[in-house]
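Just so you know, these numbers use all the heavy atoms, side chains as well, and skip hydrogens, waters and symmetry mates.
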Amino acid sequence: MSQSEATADRQAAEAVVRHHAALATTLDTLTNHLVEAAGCGDDAEAMRARDELVRWLHAELLPHAHAEEAALYPAAAALAEGKLLVDGMLGEHKAIVGLVSELAGLTRAVPAAAAARALAALFAVHLDKENHLVVPLLVGAADVSLAGLLAGMHDLLGEATPAAGGGCGGGSCGCGGDAPAGAGAAPVLSIDPRLDVRDLPHGQRHATVLAALDGLRAGNALVLVAPHAPRPLLAEIDQRYGGAVTTEWLQDGPQVWQIRLSRTLTPS
């Protein structure tokens with residue numbers, strides 16, 4: 001596989017992972033609306049929330065599952081190490097479809113909220129397997145073109161794109177102000193390992209990232225998860241490594257920033 005084909009496969013994989021994150025966020029939002037209405041005893045609002053959730057499930061989530069079965073799963077099942085994995089994933093699809101059907105037929109708020117919670121929990125586990133098992137398996141297969149499998153597949157790729165870098169408010173180091181601890185979720189946006197420095201003392205973050213990059217082999221990457229836009233750190237990386245480390249902004253706030261740092265095969 002050429003370098004350009006490998007790059008196309010990585011970009012396709014990350015587009016799938018980003019779309020997964022968008023689906024999970026919407027599902028959680030719609031589910032929480034239903035659960036909150038049920039908890040308040042507002043049956044009418046709960047049923048409106050259930051109807052909205054069911055419409056979205058049929059318009060977005062189920063087509064995504066069908067697209068996976070058509071495009072990704074056959075290629076993964078053809079690999080010796082993927083057959084049993086895909087069998088399990090197909091079983092989870094059947095369970096998801098069953099929960100959607102059950103939810104659509106419920107007419108009381110509390111059972112509907114319980115079914116929606118079960119569906120959201122199952123979908124979260126299912127996406128984690130796809131992100132960390134199925135997609136990397138296909139990316140690593142020498143005779144599989146993930147980009148080719150996904151060509152034109154809107155239901156698998158969505159329309160999410162990496163965010164461009166932007167500025168942020170003042171802070172103690174000129175990087176920008178940290179968001180409050182735990183204030184923002186950091187969705188998985190890449191198949192690369194993540195380095196989350198949000199819980200580290202501020203004075204240890206730069207050294208930790210630089211040490212990780214020192215140990216990163218050419219052609220590999222990591223995703224930095226930070227509580228602000230780390231512009232001084234990126235400038236330090238550029239000065240230290242020159243063109244041997246490239247950056248790609250995956251999430252640009254407002255509470256979490258994610259930047260993919262890649263060691264190039266040769267300095268650019």
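In this structure, the side chains of L99 and F123 stay at 4.5 Å or more apart for every pair of heavy atoms. Side-chain contact between T31 and L119 is absent, with no heavy atoms from C-beta onward closer than 4.5 Å. In this structure the side chain of R240 reaches within 4.5 angstrom of the side chain of D214, judged on heavy atoms. Contact annotation: the side chain of V135 approaches that of L146 to within less than 4.5 Å [non-hydrogen atoms, C-beta and beyond]. Counting heavy atoms from C-beta on, the side chains of V209 and L261 come closer than 4.5 Å. Contact check for V245 versus L216: no side-chain heavy atoms found under the 4.5 Å cut-off.
Using a 4.0 Å cut-off between charged side-chain N and carboxylate O, R48 and E45 make a salt bridge. A salt bridge is defined here as a Lys NZ or Arg NE, NH1 or NH2 lying under 4.0 Å from an Asp or Glu carboxylate O, and D196 with R198 meets this definition.
Atom-to-atom distance recorded for H19:NE2 and H64:NE2 is 5.5 Å, nearest 0.5 angstrom.
The aromatic rings of H228 and H202 sit tilted relative to each other, their planes meeting at an angle between 30° and 60°.
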Run L27 and W56 through side chain to side chain contact (heavy atoms under 4.5 Å, CB included) and show every step you take.
CA-CA 8 Å; L27 176 57; W56 178 83; 3.8 Å; yes
Would L34 and L30 count as a side chain to side chain contact (heavy atoms under 4.5 Å, CB included) if you check the C-alpha gap in whole Å, the side-chain angles of each, and the deciding distance to 0.1 Å?
CA-CA 7 Å; L34 169 54; L30 295 174; over 6 Å; no
What's the verdict on side chain to side chain contact (heavy atoms under 4.5 Å, CB included) for E248 and Q11, showing C-alpha distance, side-chain angles and the deciding distance?
CA-CA 11 Å; E248 178 185 359; Q11 292 173 341; 5.9 Å; no
Using the side chain to side chain contact (heavy atoms under 4.5 Å, CB included) rule, take E60 and T26 through it: C-alpha gap first, then chi angles, then the decisive distance, then the call.
CA-CA 10 Å; E60 297 290 341; T26 302; over 6 Å; no
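Put simply, the side chain of D9 gets close to the backbone of A147: a donor and an acceptor are under 3.5 Å apart. In this structure, the side chain of N131 does not engage the main chain of V17 through any donor-acceptor pair within 3.5 Å. Between the side chain of R263 and the main chain of L213, a donor-acceptor pair closer than 3.5 Å is present. With hydrogens and angles disregarded, no donor-acceptor distance shorter than 3.5 Å links the side chain of R50 to the backbone of A112. A donor-acceptor pair under 3.5 Å is formed between the side chain of R205 and the backbone N or O of V197. Although no hydrogens or angles enter the test, the distance criterion places no donor-acceptor pair under 3.5 Å between the side chain of S101 and the main chain of V97.
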Do any side-chain atoms of residues 74-95 form donor-acceptor pairs under 3.5 angstrom with protein atoms, and if so which ones, sequence neighbours left out?
unit_1: K83; atom_1: NZ; unit_2: D87; atom_2: OD1; d: 3.3
unit_1: K83; atom_1: NZ; unit_2: D87; atom_2: OD2; d: 2.9
unit_1: E92; atom_1: OE1; unit_2: H126; atom_2: ND1; d: 2.6
unit_1: E92; atom_1: OE2; unit_2: K129; atom_2: NZ; d: 2.4
unit_1: H93; atom_1: ND1; unit_2: E69; atom_2: OE2; d: 2.7
unit_1: H93; atom_1: NE2; unit_2: E68; atom_2: OE1; d: 3.1
unit_1: H93; atom_1: NE2; unit_2: Y73; atom_2: OH; d: 3.3
unit_1: H93; atom_1: NE2; unit_2: H126; atom_2: NE2; d: 3.0

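Listed by first and then second residue, the side chain to side chain donor-acceptor pair (under 3.5 Å) pairs involving residues 114-125 are N32-R117 (not counting sequence neighbours).
Both Y241 and I259 belong to a common hydrophobic cluster when Ile, Leu, Val, Met, Phe, Trp and Tyr are linked at side-chain heavy-atom distances under 4.5 angstrom.
Sparse packing is recorded around CZ of R108, with 12 or fewer heavy atoms of other residues, nucleotides or ligands lying under 6.0 Å away.
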